[in-house]
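For reference, the structure is listed below as structure tokens.
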Amino acid sequence: MRVRDIFFSGIGIYLPETESVESAVARGLYPAGEVESRGFSGAAVAGDMPAPEMALRAARDALNSSGVSPSDLAALLYVSVWHQGPDSWSPQYYLQHYLVGDELLAVEIRHSCNGTFSGIELGVSTLRAEADRKAVLVTASDNFGTPLFPRWQPGSQCTVMGDGASAVVLTKDGGFAQLRSICASNYSDMEELFRAGEPMFPPGITEGRVLDFKPRIEAFVAKAIADGTGPELLARDHQLSAESASRALAEAEVKIDDIKRVIVHNWGQAETTAYLDMLGFPLEKSTWHYGSGIGHTGASDHMLSLHHLLTTGQLDVGDHVLLAGILPGATYKSAVVQILDIPSWPSSSPG
């Protein structure tokens with residue numbers, strides 16, 4: 001989607017204190033032999049702070065930094081990955097109750113770690129639908145510190161999980177950055193990747209099973225090898241990752257060399273390097289070093305990293321930033337933003 005009429009006018013974050021990887025190793029939660037190879041130095045840990053409370057704090061900061069009043073919002077889009085609170089309760093209403101009020105659409109988006117992209121995409125359409133709509137708030141928040149989620153070893157073999165929240169305010173009337181494009185591609189042949197070998201009903205969480213992606217991935221790979229589809233699946237996966245980013249660049253009317261920084265998910269170093277290589281960028285152009293200190297924060301990685309770049313002087317007016325992500329299923333998302341102003345926000349350092 002080519003975009004020129006929508007802007008980022010504020011970002012808010014909540015990032016708790018981090019636990020070091022050395023502490024996790026000492027507590028028997030992380031293999032010492034993987035410290036160097038995966039490269040993580042720590043993970044943000046929220047303790048018993050609920051995800052919706054973190055979202056509330058990030059959303060409040062985003063609105064304050066944008067100058068947008070809650071009454072100006074046309075929609076609140078709440079992105080989540082892990083469980084948010086009591087079963088059959090919806091977390092977006094917590095923000096309605098304590099921050100934005102009832103005169104707007106409020107929905108939860110369950111689109112895994114690409115959910116913020118989906119929220120932005122829906123936000124663009126929401127703002128364009130009516131001439132008098134002024135702003136949309138997209139939030140994301142997760143606390144993975146529950147007994148059935150192994151933060152340091154989720155089984156995906158490429159990350160550890162960090163807690164935190166982010167929020168971005170989309171407006172029509174200008175902001176610190178212009179959204180120039182946002183693109184998505186899908187590959188549903190990969191939907192079995194994170195469910196293979198496990199029954200769809202009853203859900204494992206209802207039976208008290210600890211989440212572990214590893215056996216599912218191994219079952220999917222074994223099946224792909226057995227039926228001979230492995231090379232085709234891998235090639236198409238790589239192709240769509242690259243195509244999504246290329247299309248975002250083309251619709252933003254910029255080239256690879258015009259991109260000052262690229263933001264992807266907070267994965268291990270080898271996996272991040274391989275993914276960036278598919279997109280055509282070196283690791284040094286990414287925010288991996290920042291992300292390796294906080295872990296993969298669900299759908300907040302990209303906004304946390306953009307906030308970090310802005311508050312640490314790593315971006316200038318006129319710079320273009322590429323945001324890219326992939327989630328099991330598979331969905332490939334990319335967006336390009338151009339920096340129009342450098343806001344004076346507090347640093348995104350943990351705590």
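In what follows, every heavy atom counts, from backbone to side chain, and hydrogens, waters and symmetry copies are set aside. If you're wondering where the values come from, they're calculated on a predicted model, not measured in any experiment.
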- List the steps and the verdict of side chain to side chain contact (heavy atoms under 4.5 Å, CB included) for Val264 and Trp288. CA-CA 8 Å; Val264 298; Trp288 178 81; over 6 Å; no
Which atom names give the shortest non-hydrogen contact between [X] and [Y], and what distance separates them?
{"X": "Ser305", "Y": "Ile263", "answer": "CB-CG2, 3.6 Å"}
{"X": "Pro202", "Y": "Glu207", "answer": "CG-OE2, 3.1 Å"}
{"X": "Ile182", "Y": "Phe117", "answer": "CD1-O, 3.4 Å"}
{"X": "Tyr290", "Y": "Leu15", "answer": "OH-CD2, 3.6 Å"}
{"X": "Asn143", "Y": "Gly47", "answer": "ND2-O, 3.0 Å"}
{"X": "Gln92", "Y": "Leu76", "answer": "O-CD2, 3.5 Å"}

- Message: Under 4.0 Å between a side-chain nitrogen and a carboxylate oxygen: does that hold for Glu232 and Arg236?
- Response: no
- Message: Check this for me, if you would: do Arg261 and Asp319 make a salt bridge, where the nitrogen-to-carboxylate-oxygen distance has to be below 4.0 angstrom?
- Response: no
Donor-acceptor under 3.5 Å ([X] side chain, [Y] main chain):
{"X": "Arg247", "Y": "Ala184", "answer": "yes"}
{"X": "Arg110", "Y": "Val81", "answer": "yes"}
{"X": "Thr331", "Y": "Leu327", "answer": "no"}
{"X": "Ser300", "Y": "Ala140", "answer": "yes"}
{"X": "Ser181", "Y": "Ala248", "answer": "yes"}
{"X": "Lys260", "Y": "Leu315", "answer": "no"}
{"X": "Gln96", "Y": "Gly101", "answer": "yes"}
{"X": "His307", "Y": "Gly12", "answer": "no"}
{"X": "Thr116", "Y": "Ala299", "answer": "yes"}
{"X": "Gln314", "Y": "Leu309", "answer": "no"}

Are the side chains of [X] and [Y] in touch, meaning some heavy atoms are under 4.5 Å apart?
{"X": "Gln84", "Y": "Asp142", "answer": "yes"}
{"X": "Glu19", "Y": "Trp152", "answer": "yes"}
{"X": "Leu148", "Y": "Leu211", "answer": "no"}
{"X": "Leu63", "Y": "Pro70", "answer": "yes"}
{"X": "Ser241", "Y": "Tyr275", "answer": "yes"}
{"X": "Tyr30", "Y": "Phe40", "answer": "yes"}
{"X": "Thr229", "Y": "Asp189", "answer": "no"}
{"X": "Ile217", "Y": "Phe194", "answer": "yes"}

May I ask whether [X] and [Y] are part of the same hydrophobic cluster, defined by side-chain heavy atoms of I, L, V, M, F, W, Y residues being less than 4.5 angstrom apart, directly or through others?
{"X": "Phe8", "Y": "Val3", "answer": "yes"}
{"X": "Ile326", "Y": "Leu249", "answer": "yes"}
{"X": "Phe7", "Y": "Ile339", "answer": "no"}
{"X": "Leu56", "Y": "Leu73", "answer": "yes"}
{"X": "Tyr94", "Y": "Leu105", "answer": "no"}

Interatomic distance, [X] atom [atom1] to [Y] atom [atom2] [nearest 0.5 angstrom]:
{"X": "Leu170", "Y": "Asp5", "atom1": "CG", "atom2": "CG", "value": "11.0 Å"}
{"X": "Ile294", "Y": "Asp301", "atom1": "CD1", "atom2": "CG", "value": "6.5 Å"}
{"X": "Met1", "Y": "Glu251", "atom1": "CE", "atom2": "CD", "value": "9.0 Å"}
{"X": "Leu137", "Y": "Leu95", "atom1": "CG", "atom2": "CG", "value": "7.0 Å"}
{"X": "His265", "Y": "Thr287", "atom1": "NE2", "atom2": "OG1", "value": "11.0 Å"}
{"X": "Leu283", "Y": "Asp277", "atom1": "CG", "atom2": "CG", "value": "11.0 Å"}

- Check the pair Val107 / Leu77 against side chain to side chain contact (heavy atoms under 4.5 Å, CB included), numbers first and verdict last. CA-CA 5 Å; Val107 296; Leu77 305 175; 3.4 Å; yes
- Message: Side chains of Ser80 and Glu108 only: does a donor on one sit below 3.5 Å from an acceptor on the other?
- Response: yes
If you count every heavy atom of other residues, nucleotides or ligands that lies below 6.0 Å from [X] atom [atom1], does the total exceed 12?
{"X": "Asp87", "atom1": "CG", "answer": "no"}
{"X": "Glu103", "atom1": "CD", "answer": "no"}
{"X": "Asp132", "atom1": "CG", "answer": "yes"}
{"X": "Lys134", "atom1": "NZ", "answer": "no"}

- Query: Can you name the residues that form a side chain to side chain donor-acceptor pair (under 3.5 Å) with His111, not counting sequence neighbours?
  - Reply: Ser118
- Task: Report the C-alpha separation of His296 and Val160 in whole Å, then their side-chain angles, then the decisive distance to 0.1 Å, and conclude whether the side chain to side chain contact (heavy atoms under 4.5 Å, CB included) test is met.
- Result: CA-CA 6 Å; His296 177 27; Val160 300; over 6 Å; no
- Of Asn186, Asp237, Asn114, which meets side chain to side chain donor-acceptor pair (under 3.5 Å) against Tyr332? Asp237
- Message: Pair Asp163, Arg151 - check side chain to side chain contact (heavy atoms under 4.5 Å, CB included), show working.
- Response: CA-CA 9 Å; Asp163 305 330; Arg151 174 192 306 283; 2.8 Å; yes
- Query: Which pairs count as side-chain hydrogen bond (donor to acceptor under 3.5 Å, both in side chains) when at least one residue sits in residues 195-204, sequence neighbours excluded?
  - Reply: Glu191-Arg195, Glu198-Arg209, Glu198-Arg216
- Could you walk me through whether Phe149 and His83 pass the ring-ring contact (aromatic ring centres under 6.0 Å, His included) test, one step at a time? CA-CA 10 Å; Phe149 198 107; His83 299 274; 9.6 Å; no
